[in-house]
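Accompanying notes for the structure given below.
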Amino acid sequence: WWRQRFPNAKVEFVNAGIGATGSNYGALRAQRDLLSRKPDFVIAEYGVNDGNTQACAETLEGLARQVLSQPNQPALLLLFTMHRNGANAQEWQGKVGTHYHLPMVSFRDALWPEIEAGRLKWEDVEADMVHPNDRGHAYMAQFVTALLGKVLQDLPADDRLPAIQPVPQPLFSDLYEHVVLFEADALKPAANEGWTCDLANPWAKGWKADKPGSAIEFEIAGRVIAFMEFHVRGPMGKAKVQVDDLPPATIEAWFDQTWGGWRCTHEIARDLKPGNHRVRVEILEEKNPQSEGHEFRVLGLGAAGVTG
C-alpha cells in the first residue's frame, strides 16, 4: 500500500514482533528492536497476548509513550486481534488509544459479529485458536489500509497541516517509558551456586540450573523489576524468586501446552526505592507431577521507572 501510494519513496518494512510475548516485554525491548530503526509509522498489536487488565494497559502505555516521544514523531496505530471466544484486550488498551488520540483498528469488531451470525466460520479467517490465516491477514491489511486511505484523502495541504500535539500526561503511568533490559548474555551474577550461562538455544538463551537448591543473584536498578524465564512442556521445575527482602514469588517453568516454549515475563516488584536491588533465584524441590526434572532458565531481567 505504501509503495503504491508513494512510488518515489523508499519504504522499509521492519517486523519487530516476537511471538508469545506481551507489551511488557515489548516496552522493555522497544528501543533495541523498533525505535533504533527510526520508524515513521508503527502498528502495535497486543490484543491477544496481553490480558484485558489495567496492568497490561500500563505497559502498552509505556510502549506508546516511547514511540510518540521520538524526535521524528512517528505515527502509532493500535490493532486488536482476538481469541477464539471473541475476547481480547481492547477494552483496557482502548483507554490508552483514546487518551493519546491514536487511530485504532479492531479485527475482532469487524469479524466477530460475522462469525457469531454464522456468515463466517472461524476457520475461514483463523489458522488456530488465535493466529489469523492468510485470508485473515489479508482482511487485517484491508482494514488498516482503508483507514490510511481515508486519512490520506482528508489530508490538508502541506501549509495547512496541524501541528503535532505534545505527548500528554500519562493516563496510568510513565514507568514503562523509562526502561532497561538485560538479556542473559548481559547478566553478570552477583552470586552463583550451580548455574551456567547457556546461549546455544536461540529461543531459550539463559542462565540455567536443574538441581534443587541452586541459587543465583543479580543486581538491577529501577522502580519496577521484570523477570523473564522460559516456559515449556519439558523437564522444568519451579523457582523461588525474591527481590531484596520482599516476599518471594514462586514461578513455575513447566506448562501443559505442546506447541513449544515461550518467554514469560513477570513483574516481580514495584514501588521500589532508587538504587540497585538484589534479585535472587533458587530452584525448589517441589515441581509439577508431570514434569521429569527441575530445570529452570532465567532469560533476562528488565526494569521500569529507571532514572538517569
Under 3.5 Å, side-chain donor or acceptor atoms of residues 142-151 against the rest of the protein: list the pairs with distances, not counting sequence neighbours.
{"residue": "T145", "atom": "OG1", "partner": "A141", "partner atom": "O", "Å": "2.9"}
{"residue": "T145", "atom": "OG1", "partner": "Q142", "partner atom": "O", "Å": "3.3"}
{"residue": "K150", "atom": "NZ", "partner": "D154", "partner atom": "OD2", "Å": "2.9"}

A quick test of your reading: do over 12 heavy atoms of other residues, nucleotides or ligands sit less than 6.0 Å from [atom1] of [X]?
X	atom1	value
Q169	CD	no
E292	CD	no
H137	NE2	yes

Indicate, with yes or no, if M104 and L60 share a hydrophobic cluster defined by side-chain heavy-atom contacts under 4.5 Å among Ile, Leu, Val, Met, Phe, Trp and Tyr.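 Same cluster: L60 reaches M104 through Ile, Leu, Val, Met, Phe, Trp or Tyr contacts under 4.5 Å.
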Using side-chain contact (heavy atoms from CB on, under 4.5 Å), reason through V279 and V298 one step at a time and then give a plain yes or no. CA-CA 11 Å; V279 180; V298 179; over 6 Å; no
Closest non-hydrogen atom pair between [X] and [Y], with its separation:
X	Y	value
P39	L34	CD-O, 3.4 Å
W254	G234	CD1-O, 2.9 Å
V14	D33	CG1-O, 4.2 Å
L111	M82	CB-CE, 4.2 Å
M236	S291	O-OG, 2.6 Å

Salt bridge or not between D174 and R65? Use side-chain N to carboxylate O under 4.0 Å.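 No.
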Could you tell me the separation between the CG atom of L299 and the OH atom of Y25, rounded to the nearest 0.5 Å?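 Between L299 CG and Y25 OH, I get 8.0 Å after rounding to 0.5 Å.
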Spatial distance of atom CG (L28) from atom OH (Y176) [nearest 0.5 Å]: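 Reported value, rounded in 0.5 Å steps: 6.5 Å.
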Any donor-acceptor pair under 3.5 Å linking the side chain of [X] with the backbone of [Y]?
X	Y	result
D256	R233	no
D244	H277	no
E45	G47	yes
H294	E285	yes
W207	A184	yes
T98	K95	no
H178	G222	no
R3	V11	yes
R84	W122	no

Are D50 and Q93 linked by a side-chain donor-acceptor pair shorter than 3.5 Å?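 Yes, because at least one side-chain N or O of D50 sits under 3.5 Å from a partner of the opposite role on Q93.
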Polar contact flag, side-chain donor to acceptor under 3.5 angstrom, N72-Q70: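 No, no side-chain donor-acceptor pair sits under 3.5 Å.
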Checking side-chain hydrogen bond (donor to acceptor under 3.5 Å, both in side chains) against E229, which of H266, R297, R263 comes through?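 Exactly one option meets the side-chain hydrogen bond (donor to acceptor under 3.5 Å, both in side chains) with E229, and it is H266.
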Pair E183-L199, side-chain contact (heavy atoms from CB on, under 4.5 Å): steps then yes or no: CA-CA 11 Å; E183 304 284 17; L199 305 179; over 6 Å; no
My understanding is that only residues two or more places apart in sequence, or in another chain, count here; which of them pass ring-ring contact (aromatic ring centres under 6.0 Å, His included) with F41?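 Checked F41 against ring-ring contact (aromatic ring centres under 6.0 Å, His included); matches are W2.
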Sequence neighbours left out, what passes ring-ring contact (aromatic ring centres under 6.0 Å, His included) with F172? Give chain and number order.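 Checked F172 against ring-ring contact (aromatic ring centres under 6.0 Å, His included); matches are W92.
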